Every structure is written in C-alpha cells, then in structure tokens.
Amino acid sequence: MTSNRDVDLFVPLLPEIEGQNNDDEKKDLASRFWIETKKLWEIVGPAIFSRVVAYSMNIITQAFAGHLGDVQLAAISIANTVIVGFNFGLLLGMASALETLCGQAFGAKRYHMLGIYMQRSWLILFLCCFLLLPFYVYATPLLESGVVALWLIPLHFSFAFQFPLQRFLQCQLKNQVIAWINLVGLGVNLFTSWLFVYALGFGVVGAAIALDISWWFLAVAMGVYAVCGWCPLTWTGFSAQAFSELGGFIKLSAASGVMLCLENWYYRILILMTGHLEDATLAVDALSICMNINGWEFMIPLAFLAATGVRVANELGAGNGKAAEFATKVSVLQSTIIGLVFCVLIMVLQDRFALMFTSSTNVLEEVNKLAYLLAVTILLNSVQPVLSGVAVGSGWQAKVAYINLGCYYIVGLPLGFLMGWVFNLGVGGIWGGMIFGGTAVQTVILAIIIIRCDWQKEAENALHRVQRWSSTRTT
C-alpha cells in the first residue's frame, strides 16, 4: 500500500517525467519527419530533373527553329504550344489515373496489377490519340508553315505510351531510371535537332522530326526497361486482363484528364485574353516573360505533385491513413518553403530578372509592374499542385474536376475579364482576377477538404478499390 510520504516523494518527479515524454515525442516527430523527407525526395529530386529536361527539349527545338527566321519560329511555337500543348494536358491528365491505381496497388503489394493497369492505360490513351487527330489536321491552315502540325503527329502518339510508362516506373520508386533516360533523351534531342535542321537542311520540319524522335526515344527506352526483365514483380507479360474493367478505368482516366487539363488550359486562356488588350504587343511580351519564369519554377511544384500522389497512394494502399496524412503535411510544408524562397527572389529582383529576355525599357517597366503578381502566383503554385497530388493519390479526380471548373471558369475568368476591361486594369487586372478568383479559391477549397478528410476511411476506400479492380493473377 502506498503511503502519503511515497506520494509526496513522487510528486516532484512528475515535471521531469513529463519533460522526458515531451522530448521523446519531439525526437519521434523529428525522426518521422526525416524518414518521410527522404522518401519524398527520392521521388521529388529525379522528378524535378526529369521535368526540367523535358521542358528544355521543347525550348531547344524552338531555339533551333528561331535561328531559321521569325516565320519558322512562329510555326513551331504555335504548333508546339497551342496544338500539342492542348492535347498534352489532356493525355497527361488521363495517364495520371495510374498514379492513383498503381500507387495504391503497390502499397497493397498487388504488384502484378501495375502492369495490367499500364496496359489498360496504353489502350485507352492510344484510342484517344486517334480521337484528337482532327486538332492537328484541321489546325494546319492556321500555321505560318502549314505542314508543321502534321509532322508532330508522331510526337502526339508517343504520349500514349510514354506517360503511362513514366507513372508505372514512378509508382514503384524507379525515379532515377526516368531521370537518366530523360538526360540521354536531351542529348538525342540536341543531336537530331542539329542533324535535321542544319546538316540535312530540313528546316522547321527538321525541328519537328527531331522532337518526334526525342520523345519516342523516351517511350522506347522506358518500355525496354519495363518489359525486358528489370521490373519482374510488376511486369508479368501482356495479359487479357487489360481488357477487363475498362468502364471504370475510362471513367477515372477521363476525370483525371479533365482535372489537369482545366488547369493547363487556364493559363493559355490568360495569354489569349491579354492579346486582345489595346497595347497587346507590350502586354503579351511582359506576360510571356513572367510565364516563362513561372514555367521553369513550376517544374518544382509539379515534381511535388507527382511525389505527393505516389506517397499518399502508397500509404493508403497499405492501409496507413495516418501515414498518408503525415506525408501530405511534410510535402505541403517543404513545397511552401521553396515557394517562399522563389517568391522573395522575384520581389527582390523584380527590376532585373527580365533582362534575361529583353533589353526593351518599356517591356522591363511592364514586367516590373507584374513582378508582385508573379511572386504571388509562384507562392500559390507551391501549395496548389501538392494539394492536387493528394487528390490524385486518393482518387478524388472527379470531385476536383468540378472544383476546377467552378473556380477557374465560373469565378476566375469572369473576374479577370471584369478587372481587365471593366475596371481598365489591363494585363495586371486580368492576371490578378484569374489568380485570386481561380487559383486562390481552388487552393482554399482543396485545403479545407484535406483538413476535414477522414484518412482512415480513405485508406479503407483504397483497399476496397484495389480488391475490386484486382482479379486472379494470370500470366
């Protein structure tokens, strides 16, 4: 029996014991944070590199065309930015359905289903490529060089295989393989651009052919790695299972495509709207410089989107709802910190960063006025893609597609029009209205959904999805 004297002796020790418990909790939190950070950056690091390299391939092609003349530069720019860009966003979004399915199946250790899902995605995206061909055929008369769009059709079909392969490898954490293949692909792009544009004298058509070859190299190299023995657990050969459950797969792919392409098209509409202002040339020049800076930096948030989708999907597939929630917090925190750094850099260098692109005093002054909007855009873009990655990893694509439609096109676009034309605020008004009315509102809504999310229920939904879409293994 404990005496009062024993209790009195024990009481002074309570703060010390509580302090030890708090220290242990802090150490445990720090350890979990470090472990999650390593897992996250195993994906983020190679993903940033791969995306910057892929972005650079398009820049290199346009640079080679630009040295041929203004007409050739316009031809490849319109074809690559407008026509290919439109279809790129849709097909990339459709392929992101694999981030949900492959990620959750990998977490649930249903490894053989990754190969089945990839084959289904190949089939659906390949058929979708045929449906999108009229964009190339009927848009050709709009180009200064009429045949450029037709020569980019092989590039278009490479997306159907390259995008699913990239997600197939990414979801099983083979990100360094993707990075090395992209690096070699950049070398292929440099060589083929020189060969077809200058050595063989094919001109702007040669630039298009070089881009075709480069992207097909990526698809073939990833395909060889995937099916020739380096993925023994996840690739068990071609299977008739790829033709089953196509209805549900098409539905998720379509929702994923709509979700991401609505964001992709939104910023293209921003440039089109700016082109209708009174002093359109100055406005478009200044906005294009800002969008180029934003595009380069946006490769980092896109890498976080991919990494967050994989981490959340893996943990949900393994039934670890709390771990998925923790992965989300770590990713949002680190991406936001990086965004803050770039935001501050833009505000500090607001009157100097545009010197990389132009020496025109008028353009520099206009860019200086837009610098704060660029800084805010970069900061918002450091958070929003990560939240979209959570949505992809959780399988919420259909829900987010409706949110994007409402925020971007029902709120953002009208507000941009109102600020730009009705209140005569020009390009700053259009951009500000679209950013605060669209991107900011969407970010807040997604944040609220994620904060209120029942993660254990999401883990149960993921396990149910994996079980429902998995069937008896056949080889």
Side-chain angles (χ1 to χ4, degrees), residues 87-88 90-133 154-175 177-178 181 215-257 259-260 306 309-310 313-314 317 392-393 395 397 462-475:
N87 296 291
F88 179 95
L90 180 61
L91 294 170
L92 181 67
M94 292 181 70
S96 74
L98 290 182
E99 294 183 32
T100 304
L101 299 173
C102 287
Q104 293 181 358
F106 190 80
K109 299 184 179 180
R110 301 288 185 96
Y111 299 125
H112 71 286
M113 289 306 300
L114 273 72
I116 303 299
Y117 292 148
M118 181 171 65
Q119 292 174 58
R120 289 176 187 167
S121 189
W122 280 345
L123 178 63
I124 292 169
L125 265 66
F126 186 66
L127 294 175
C128 188
C129 281
F130 281 101
L131 296 177
L132 294 172
L133 276 181
L155 167 69
H156 171 67
F157 277 93
S158 75
F159 297 157
F161 299 95
Q162 201 250 105
F163 291 162
L165 279 161
Q166 187 180 51
R167 274 132 192 85
F168 169 79
L169 295 172
Q170 180 178 278
C171 288
Q172 50 191 302
L173 309 180
K174 294 184 179 291
N175 305 285
V177 174
I178 300 172
I181 290 174
W215 279 83
W216 268 107
F217 169 82
L218 300 180
V220 171
M222 290 182 196
V224 169
Y225 184 90
V227 306
C228 292
W230 285 281
C231 300
L233 292 177
T234 53
W235 177 264
T236 56
F238 292 98
S239 172
Q241 286 182 259
F243 295 92
S244 63
E245 294 287 349
L246 284 180
F249 201 95
I250 291 173
K251 184 177 179 180
L252 181 60
S253 296
S256 300
M259 170 187 158
L260 291 186
V310 171
N314 286 170
V392 169
Q397 286 93 328
L463 291 173
H464 175 71
R465 182 183 292 112
V466 171
Q467 291 170 0
R468 179 168 58 89
W469 285 25
S470 300
S471 55
T472 304
R473 179 174 177 173
T474 58
T475 58

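Just so you know, these numbers come straight off a predicted model, no measurement behind them.
Considering every non-hydrogen atom in both L114 and C102, the closest pair reads CD1-O, 3.7 Å. Nearest approach of C128 to L91, heavy atoms of both residues: SG-CD2, 4.0 Å. Heavy-atom minimum distance, Q241 versus R120: O-NH2, 3.1 Å. Summarising the geometry of M118 relative to L98, their closest heavy-atom pair is N-CD2, 4.1 Å, with the distance given to 0.1 Å. The shortest non-hydrogen separation linking T100 to G395 is CG2-CA, 3.6 Å. Considering every non-hydrogen atom in both S239 and I116, the closest pair reads CB-CD1, 3.6 Å.
The backbone N or O of G237 sits less than 3.5 Å from a side-chain atom of Q119, completing a donor-acceptor pair.
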Item to check | Pair F163-F88, ring pair (Phe, Tyr, Trp, His ring centres under 6.0 Å): steps then yes or no | outcome: CA-CA 10 Å; F163 291 162; F88 179 95; 5.2 Å; yes
Next on the checklist: For a side-chain contact (heavy atoms from CB on, under 4.5 Å) check, start with the C-alpha distance between K109 and Y111, then their side-chain angles and the critical distance, and finish with the verdict.
Outcome noted: CA-CA 5 Å; K109 299 184 179 180; Y111 299 125; 3.4 Å; yes
Next on the checklist: Working note: M259 + S96, criterion side-chain contact (heavy atoms from CB on, under 4.5 Å); need CA distance, chi angles, decisive distance, verdict.
Outcome noted: CA-CA 10 Å; M259 170 187 158; S96 74; over 6 Å; no
Checklist entry - Which is it for F249 and I124 under the side-chain contact (heavy atoms from CB on, under 4.5 Å) test, yes or no, and what are the steps along the way? => result CA-CA 9 Å; F249 201 95; I124 292 169; 3.2 Å; yes
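The shortest side-chain heavy-atom distance between I178 and Q170 falls under the 4.5 Å cut-off. At least one side-chain heavy atom of F243 sits less than 4.5 Å from a side-chain heavy atom of L123.
Between the CD atom of Q172 and the OG1 atom of T234 there is a distance of 3.5 Å, given to the nearest 0.5 Å. Atoms CG and OG, from L246 and S244 in turn, are 7.0 Å apart once rounded to the nearest 0.5 Å. Residue L165 holds its CG atom at 6.5 Å from CG of L169, rounded to the nearest 0.5 Å. Note that the CD atom of Q104 and the OH atom of Y117 stand 8.5 Å from one another [nearest 0.5 Å]. Rounding to the nearest 0.5 Å places SG of C171 at 10.5 Å from CD of Q166. Between L101 atom CG and R167 atom CZ the span is 13.0 Å, to the nearest 0.5 Å.
Of the candidates W235, W230, F168, W230 is the only one forming a ring pair (Phe, Tyr, Trp, His ring centres under 6.0 Å) with Y225.
A distance below 6.0 Å separates the ring centres of F126 and F161.
Under the 30°/60° scheme for interplanar angles, the aromatic rings of F157 and F130 are found to stand perpendicular.
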